[in-house]
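Here is the structure we will look at, set down as structure tokens.
Remember, it's 1-based here, ligands and their atoms both numbered in the order they're listed. A quick note: this is a predicted structure, and the numbers were derived from the prediction, not measured. Quick note: residue numbers are just sequence positions, from 1.
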Amino acid sequence: MEEAIFQAFSRQSRVVKALTISFPSGYHPNVTDSAATNLQPGFFAEEIETMPREMLETIQLQRLQTIVRRLRDHVPVMAERLAGIGDPASLDDLTRYPFLKKEDLRNNYPFGLFASPRADLARIHASSGTSGKPTVVGYTAEDVRIWSECVARCLRGAGIEPGWWLHNAYGYGLFTGGLGLHGGAEMAGIGVIPISGGNTERQLMLIEDFAPEAICCTPSYALTLAEHLAERHKKSPMQVGILGAEPWTDSMRSAIEAQLGMIAVNIYGLSEVIGPGVSCETAHRDGLVIMEDHFLPEVVDPETGEPLPDGEVGVLVLTSLTKQAFPVLRYWTGDLCSIRRDPSPCGRTHARMSAIVGRADDMLVIRGVNVYPSQVEHTLLTIKGASPHFQLVVTREGNLDTLMVRCEHDGTGGPPEVIQAAVVAALTSALGITATVSIHEPGSVPRSEGGKLSRTLDQRNLA
Ligand code: DLL
């Protein structure tokens, strides 16, 4: 059926593309001294990426109906939540369903929201949760294939050509960054250097020796690599960076592009929805194109949950349309952005989102790792002599985010140095990143004075 709709529209899609190919006015690449200036978006699945919106929305509705049925039939918790709400007859009916939130994943840890039996799973990933337990997500082999296809579209759209090499410095493992980019690159015929994160000296050596045309890592790590290359008076061979997993600004983009002589493209995603590749900028860098045939976006008011018009900033809510093992209906990402639905200059018709401008909750993203203040509180409560009063200070030193935890001793646990060492060890293990810890006298960390107490001082100036 989908195939028939696709055929009917495919001639029309070529016309739409021809009409919208002009370049946006006011767009000026920052890179002036490298081949990167000439990069143009390519396509991995051109007919899908440029299909008329009418056709896209027909496919979205069919897939939404299938996903709702799948949740009812295979996830008892969801069947209960959806009881009494009929199947969607139009995309507008989406708003009749409740949001799915991070706490729902936590309450159903580890596999309560899976829609496929254990034996059908090809892969598990996870990201840090708020109570020490991670958020677990699963993929069938078909889910992994679709994920790779989404990432392949991102990489080709960013101007990376088949036959180029990609230095993949996202972490491999339970984090979705490394393996997510890896699968997409392989599918697009791009060679992968699977270096993973860390060991900067080795990364620099391999960049010099292997001369990859492209790199993927967090934006803060791209700047670290740039600084090291500058110290050594080395030029980067890279023409494109696929950067994401943490918030970054346009000024950071300018610095990265100027220092590395490449274009820096923003990629977005989250493990709950699939991982990297939910959306990505093209080489034009004019909004992150959402893979809308797989993920249905909404932007809603953070307070009321009511849908907001295109162009207004609110919470991004995503529905997965094709995932088998871990479908999500109206997942509340907590990420703030706006969306637009006009076709992009390269002919892509899928909606585009702005860069993430902040978070609606208290989650911090530090060096690509999600950190919740409640994780810190939970950890402090396990250490004898430490009180649960604390403050988090996040700064950006050089290009790296640094987390400082100010907390108090309660007078029962021995010398402050001993408590400090215990807190450092426990936090490293709970958060997955190292924090600087300072121990203070009881009563010295700010207390709530009736209103909300902000335990977090984010001094990174991400706005
Ligand atoms: O960070 C997936 C990813 C890997 C994306 C590599 C891009 C590149 P999680 O660990 O589940 O997944 O963290 C998801 O990170 O809700 C955002 O708050 C933040 N985030 C991800 N990409 C961006 C971005 C991966 N481009 C959480 N800009 C999300 C701003 C981002 N924040």
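- Residue contacts with ligand 1: Glu246 is placed with a nitrogen or oxygen under 3.5 Å of a nitrogen or oxygen of the ligand (distance criterion only).
- At a 4.0 Å heavy-atom cut-off, ligand 1 touches Ile267 through backbone and side chain alike.
- Only the side chain of Asp335 comes within 4.0 Å of ligand 1, counting heavy atoms alone; its backbone N, CA, C and O stay farther away.
- Formation of a donor-acceptor pair under 3.5 Å by the Glu292 side chain with backbone atoms of Ala351 is found in this model.
- The main-chain N or O of Arg367 is never found under 3.5 Å from a side-chain atom of Thr218 such that the two would form a donor-acceptor pair.
- Between Trp248 and ligand 1, no pair of N/O atoms sits closer than 3.5 Å.
- If you look at Arg359 next to ligand 1, the close heavy atoms, those under 4.0 Å, all belong to the side chain.
- A donor-acceptor pair under 3.5 Å is absent between the side-chain atoms of Ser320 and the main chain of Thr322, judged by distance alone.
- A pairwise comparison of heavy atoms in Val136 and Phe114 identifies O-CE1, 3.7 Å as the closest pair.
- Panel note: side chain Arg352, backbone Asp286; a donor-acceptor pair is recorded below 3.5 Å.
- In this structure, Arg348 satisfies the cation-pi test against Phe43, with its NZ or CZ atom closer than 6.0 Å to the six-membered ring centre and inside 45 degrees of the ring normal.
- For Ala245, a nitrogen or oxygen atom sits less than 3.5 Å from a nitrogen or oxygen atom of ligand 1, counting backbone and side chain alike.
- Partners of His182 under the side chain to side chain contact (heavy atoms under 4.5 Å, CB included) rule, at least two apart in sequence or in another chain, are Asn168, Tyr172, Glu186, Val192, Pro194.
- Of the candidates Asn370, Leu288, Ile242, Thr333, the one placing a heavy atom closest to atom 27 (C) of ligand 1 is Asn370.
- The proximity of Thr135 to ligand 1, defined as any non-hydrogen pair under 4.0 Å, does not occur for either the backbone or the side chain.
- Close contacts of ligand 1 with Pro247, meaning ligand atoms under 4.0 Å from a residue heavy atom, involve 30 (C), 32 (N).
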